[in-house]
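Only this structure's heavy atoms are used, side chains among them; waters, hydrogens and symmetry mates stay out.
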Amino acid sequence: MMKNRMYFLCFLIFLIGLYVALTTLNFRFFNTVQVPQRHLCKDITTPITDSAIQRYNDSTITERTLRDKEWRFVEKLMQKERRSKRLPDIIGIGVKKCGTHALIQLLAHHPMIRSRYPTEAFYFQRRNLSSAQEQEYIQSMPETEDNAFIMEKTPAYFTFPHNIPRRIKSTSEYSKLLLIMCDPAKRVISDYVQDIIVGSIKKEDYPTVESYLEVYLNNYRKFTSWRDEKEMKSHQDELFKLHYTDYPSTILTNGLYALHLPRWFEHYNSSNLHIINGDEMLQNPGRVMEKVQDFLGIPKLLLEEDYILNAETQTYCFLHPLTKKKSCIGSYKMRTRNGKMKVDEKTLESLREFYRVPNELLYKLLNVRLYG
């Protein structure tokens, strides 16, 4: 199935190029025809080359015009395909309160992406998985064209349970994973507010985030560093137990990315796990969408210019290139990250100090500094 889809995507790219070229010729047979080669087909015996289709050399044809033609072509192809329910092709695994909702909302505009509703399935967090439960999981997915992509996101997957990377890999071998990581200090504030709202922690127990930190910050500092792999795994095991016995601690420990990420690297690499900078997602979601499309290997139809800033909410909206309808990220999803909620600078400083060492360990692990 996966190999067939890879061939389909490469053939689709070829057809898109041919379609765009033919629809822009306007009977000018003596012009050179060439189509933007924005999509890369890997591991195919006969790759599409520049000689297969040449670029239409006309300055009046903009990239947006070409993209709009590609979009319509993909929509027409999708309409002719058989539909079925199946395991997801894309799984958003976290991190909680780093923008996973915005990611799936913006990505779902692509004509080859179909999102599960509700988006969070929590399937792989169940204690025991059976074939009957797997069928139930599949039936919860939308009916989708054979060559479209189904996506679900459950941010809690990233941190719990300990065997979840292996579970996902063994159940849905060819799924590609998306992971957003944001500044863990600011993430704590957002997670605290969210857990108070949904009742995961009680306001009377922790009336302010400062009162919460008084209880947890020093007690959990031991998890911020480790001497070797053995101590790291010991920290992991202890955190998984605390997830059951002291759930409020996860507000703090979910941000220990360098402690959680190695479990995923045992089963995934850059070909099937894409890490997204949460700050970039806030500041330039269009650029993030372009990178995600490249990672998924699908036609790049969502462009940076399609995303416009809502000055009032300081969140981004997607302007559909064909219908011109605007779809905005709800301001309620950005309670603590759009600058309107004031946070004590001393509180942030104490959190930044808490995460200083694990952030450096993450930098060494990825060789990329995502924030700070």
Side-chain angles (χ1 to χ4, degrees), residues 2 86-98 100 103-104 116 118-141 150-181 184 187 191 195 200 220 222-276 358 361-362 365-366:
M2 189 63 187
R86 59 179 185 272
L87 289 166
D89 307 285
I90 310 165
I91 301 177
I93 61 170
V95 175
K96 181 184 176 187
K97 307 313 298 175
C98 277
T100 58
L103 173 66
I104 197 169
R116 180 188 186 274
T119 56
E120 297 184 16
F122 298 99
Y123 171 68
F124 293 103
Q125 288 194 304
R126 298 181 183 184
R127 293 205 175 191
N128 298 298
L129 300 181
S130 65
S131 57
Q133 288 175 325
E134 182 177 319
Q135 286 304 311
E136 179 185 330
Y137 180 54
I138 291 172
Q139 288 306 308
S140 74
M141 299 297 162
I150 301 174
M151 179 175 180
E152 77 114 316
K153 66 97 178 175
T154 304
Y157 285 163
F158 180 60
T159 56
F160 182 82
H162 68 284
N163 62 345
I164 200 166
R166 178 174 53 80
R167 278 185 162 192
I168 294 178
K169 188 69 173 178
S170 61
T171 303
S172 191
E173 180 180 359
Y174 297 110
S175 293
K176 290 196 171 188
L177 310 187
L178 298 177
L179 173 65
I180 308 180
M181 290 193 290
R187 199 211 67 83
D191 205 353
D195 279 0
S200 298
Y220 282 77
K222 68 176 183 178
F223 294 109
T224 61
S225 63
W226 46 92
R227 292 184 298 271
D228 50 33
E229 185 177 354
K230 182 179 179 181
E231 187 175 16
M232 179 187 72
K233 289 186 178 295
S234 175
H235 284 351
Q236 291 173 345
D237 291 340
E238 193 170 349
L239 286 186
F240 298 140
K241 293 175 184 176
L242 288 167
H243 189 281
Y244 288 115
T245 60
D246 190 13
Y247 178 78
S249 66
T250 62
I251 294 175
L252 198 62
T253 60
N254 282 351
L256 297 172
Y257 306 145
L259 188 57
H260 296 292
L261 196 54
R263 295 181 300 119
W264 293 92
F265 284 168
E266 291 175 9
H267 301 273
Y268 292 90
N269 56 42
S270 60
S271 70
N272 49 20
L273 170 59
H274 180 61
I275 296 176
I276 297 168
L361 291 170
L362 179 68
L365 184 63
L366 300 178

Which residues satisfy the side-chain contact (heavy atoms from CB on, under 4.5 Å) test with Thr119, sequence neighbours excluded?
Ile104, Ser115, Lys153
Output all residues satisfying side-chain contact (heavy atoms from CB on, under 4.5 Å) with Glu231, sequence neighbours left out; order by chain, then residue number.
Trp226, Arg227, Asp228, His235
Which value, rounded to the nearest 0.5 Å, describes the distance between His267 atom NE2 and Glu173 atom CD?
12.5 Å
Across all chains, not counting sequence neighbours, the ring-ring contact (aromatic ring centres under 6.0 Å, His included) partners of Phe265 are none
Between Asp195 and Lys97, is the closest basic N to carboxylate O distance under 4.0 Å?
no
What's the separation between atom CG in Leu87 and atom CD1 in Ile138, rounded to the nearest 0.5 Å?
4.0 Å
Mind checking what makes side-chain contact (heavy atoms from CB on, under 4.5 Å) contact with Asn269, not counting sequence neighbours?
Ser271, Asn272
Measure the shortest side-chain to side-chain distance between Ile275 and Tyr257 over non-hydrogen atoms and say whether it is less than 4.5 angstrom.
no
Any side-chain heavy-atom pair of Met151 and Pro88 under 4.5 Å:
no
Looking only at atom types and distance, does a side-chain atom of Thr154 sit under 3.5 Å from a main-chain N or O of Tyr157, one as donor and one as acceptor?
no
Taking Ser170 for the side chain and Arg167 for the main chain, is one N or O donor matched with an acceptor at less than 3.5 Å?
yes
From Arg126 CZ over to Gln133 CD, what is the distance, rounded to the nearest 0.5 angstrom?
5.0 Å
Check: Glu120 side chain, Pro155 main-chain N or O, donor-acceptor pair, under 3.5 Å:
no
Do Asn163 and Phe240 have side chains that get closer than 4.5 Å, going by heavy atoms?
no
What distance separates Gln236 CD from Met232 CE, expressed to the nearest 0.5 Å?
4.5 Å
Heavy-atom side-chain proximity of Ile91 to Phe124 below 4.5 angstrom:
yes
Do Leu259 and Pro358 have side-chain heavy atoms sitting under 4.5 Å apart?
no
Within the 4.5 Å heavy-atom criterion, are Met181 and Leu362 side-chain neighbours or not?
yes
Separation between CD1 (Ile251) and OG (Ser200), nearest 0.5 Å, reads 8.0 Å
His162, NE2: over 12 other non-hydrogen atoms inside 6.0 angstrom
no
N/O donor-acceptor pair under 3.5 Å between Tyr268 side chain and Lys169 backbone
yes
Expected output: side-chain Asp191 to main-chain Arg187 donor-acceptor under 3.5 Å:
no
Are Ile93 and Trp264 side-chain neighbours, meaning at least one heavy-atom pair lies under 4.5 Å?
yes
Note: Thr250 and Thr253 closest approach over all heavy atoms is CA-OG1, 3.2 Å
How would you list, by chain and number, every residue that makes a ring-ring contact (aromatic ring centres under 6.0 Å, His included) with His243, sequence neighbours excluded?
Phe160, Tyr247
How long is the gap from CG on Asp89 to CD on Glu152, to the nearest 0.5 Å?
11.5 Å
Before you tell me yes or no, could you show the steps for Tyr220 and Leu256 under side-chain contact (heavy atoms from CB on, under 4.5 Å), namely the whole-Å CA-CA distance, both residues' side-chain angles and the distance that decides it to 0.1 Å?
CA-CA 11 Å; Tyr220 282 77; Leu256 297 172; over 6 Å; no
Identify whether NZ of Lys or CZ of Arg in Lys96 sits under 6.0 Å from the centre of the six-membered ring of Phe158 and within 45° of that ring's axis.
no
Identify, with sequence neighbours excluded, every residue that meets side-chain contact (heavy atoms from CB on, under 4.5 Å) alongside Ser140.
Arg116, Tyr137
Within the 4.5 Å heavy-atom criterion, are Phe223 and Glu238 side-chain neighbours or not?
yes
